[in-house]
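Okay, structure first, notes after.
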Amino acid sequence: MRILITAGPTREYLDDVRYLSNASSGQMGYALARSAIQAGHEVALVSGPVTLSPPEGCELYPVETTDEMFKQCEKLFADCDGVIGTAAVCDYRIKTRKPGKIAKTGEAITLELVETIDVLAELGTQKGDRWVMGFALESQDARFNAVRKLYSKKCDAIVLNSVSAIGSTENHVEVIDHSQETVATYSGPKAQVADSLIAWIQEHIAAGK
Ligand code: CTP
Ligand code: CA
């Protein structure tokens, strides 16, 4: 298979030097890229700014903003069999980005934020016979929210992971499919969890396509 993977955070700039972003090391996405390559697949990795090196044999497409991530993914998805969305996409952007650097005035400022494009939901809408796997990071009503995202983003399966996974080398994940039940649970180092998730995709989603 040729697999598209999104990873890392995106950045949304207030001006030319300041931005909003998310806490994300990119480890899970890069681990999945490595596992997929080891399993014999091709990987196109669209990544926000992280300090990790891509695995050997992986095509890396660095991006910064959510809009750049979306445009790159849309281009690449045309030639892929499926997508795994692990990116911690910035949910809001500044309505009007200012050129240069906004000078401090000693007063509080108000920023008007608007929602960014939902990369995975857009790819879900375009998927046709391709498969889509999302990740859901939840701090409350985890299962309910993960199932809601599974449908709203037209995913074949969604991986529920806990907030404690941010920045950690370990992860505990649950895979939820259209049965709305947990159909697999994996815990351990992210590299090991990634191997299990790639094996799960091969067996349960890709095989049926
Ligand atoms: N995602 C995306 N583009 C966005 C927001 C999210 O591609 N603008 C993807 C993420 O990469 C992940 C999935 O959607 O695979 C779920 O992300 P999450 O942040 O858990 O959900 P949101 O839909 O953004 O909702 P919220 O943050 O309000 O919980
Ligand atoms: Ca989000």
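For this chain, numbers begin at 1 and follow the sequence in order. Each ligand, and each atom within it, is numbered from 1 in the order the structure gives. What you see is a predicted model, and the numbers here were worked out from it, not measured in a lab.
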Lys/Arg-Asp/Glu bridge criterion (N-O < 4.0 Å) met for K98, D16
no

Shortest protein heavy-atom distance from atom 9 (C) of ligand 1, along with the residue and atom involved:
L120 CB, 3.9 Å

Can you tell me which residue and heavy atom of the protein come closest to atom 26 (P) of ligand 1, and the distance to 0.1 Å?
K149 NZ, 3.9 Å

Atom 28 (O) of ligand 1: which protein heavy atom is closest, and how many Å away?
D91 OD2, 4.6 Å

Close aromatic pair by centroid cut-off 6.0 Å: H178 and Y151:
yes

Could you go through the side-chain contact (heavy atoms from CB on, under 4.5 Å) check for E12 and T66 one step at a time?
CA-CA 7 Å; E12 297 302 332; T66 306; 2.6 Å; yes

Among all protein non-hydrogen atoms, which one is nearest to atom 15 (O) of ligand 1, and what is the separation to 0.1 Å?
G85 O, 2.6 Å

Judged on heavy-atom distance to atom 1 (N) of ligand 1, which of T116, T6, D118, V83 sits nearest?
D118

Strictly distance-based, threshold 3.5 Å: is any side-chain N or O of D81 a donor or acceptor partner for the main-chain N or O of W131?
no

Between R130 and F77, is NZ or CZ placed under 6.0 angstrom from the six-membered ring centre and within 45° of the ring axis?
yes

Specify the protein heavy atom at minimum distance from atom 3 (N) of ligand 1: its residue, its atom name, and the distance to 0.1 Å.
V119 N, 3.0 Å

Please verify whether a non-hydrogen atom of I117 lies at under 4.0 Å from ligand 1.
yes

If you have a sec, work out which protein heavy atom is nearest atom 11 (O) of ligand 1 and how many Å separate them, to one decimal?
A87 O, 2.7 Å

Side-chain heavy atoms nearer than 4.5 Å, only ILVMFWY residues, links allowed to pass through others: does that put M69 and L137 together?
no

shortest atom 17 (O) of ligand 1-to-protein heavy-atom contact is with F135 O, 3.6 Å

protein heavy-atom neighbour closest to atom 6 (C) of ligand 1 works out as K153 NZ, 3.7 Å

Let me see the working for F70 and Q72 under side-chain contact (heavy atoms from CB on, under 4.5 Å), right down to the final yes or no.
CA-CA 6 Å; F70 171 63; Q72 188 60 264; over 6 Å; no

Number the atoms of ligand 1 from 1 as they appear, then name those within less than 4.0 Å of a heavy atom of G134, with their elements.
15 (O)

Do L197 and L52 share a hydrophobic cluster (ILVMFWY, side-chain heavy atoms under 4.5 Å, transitive)?
yes

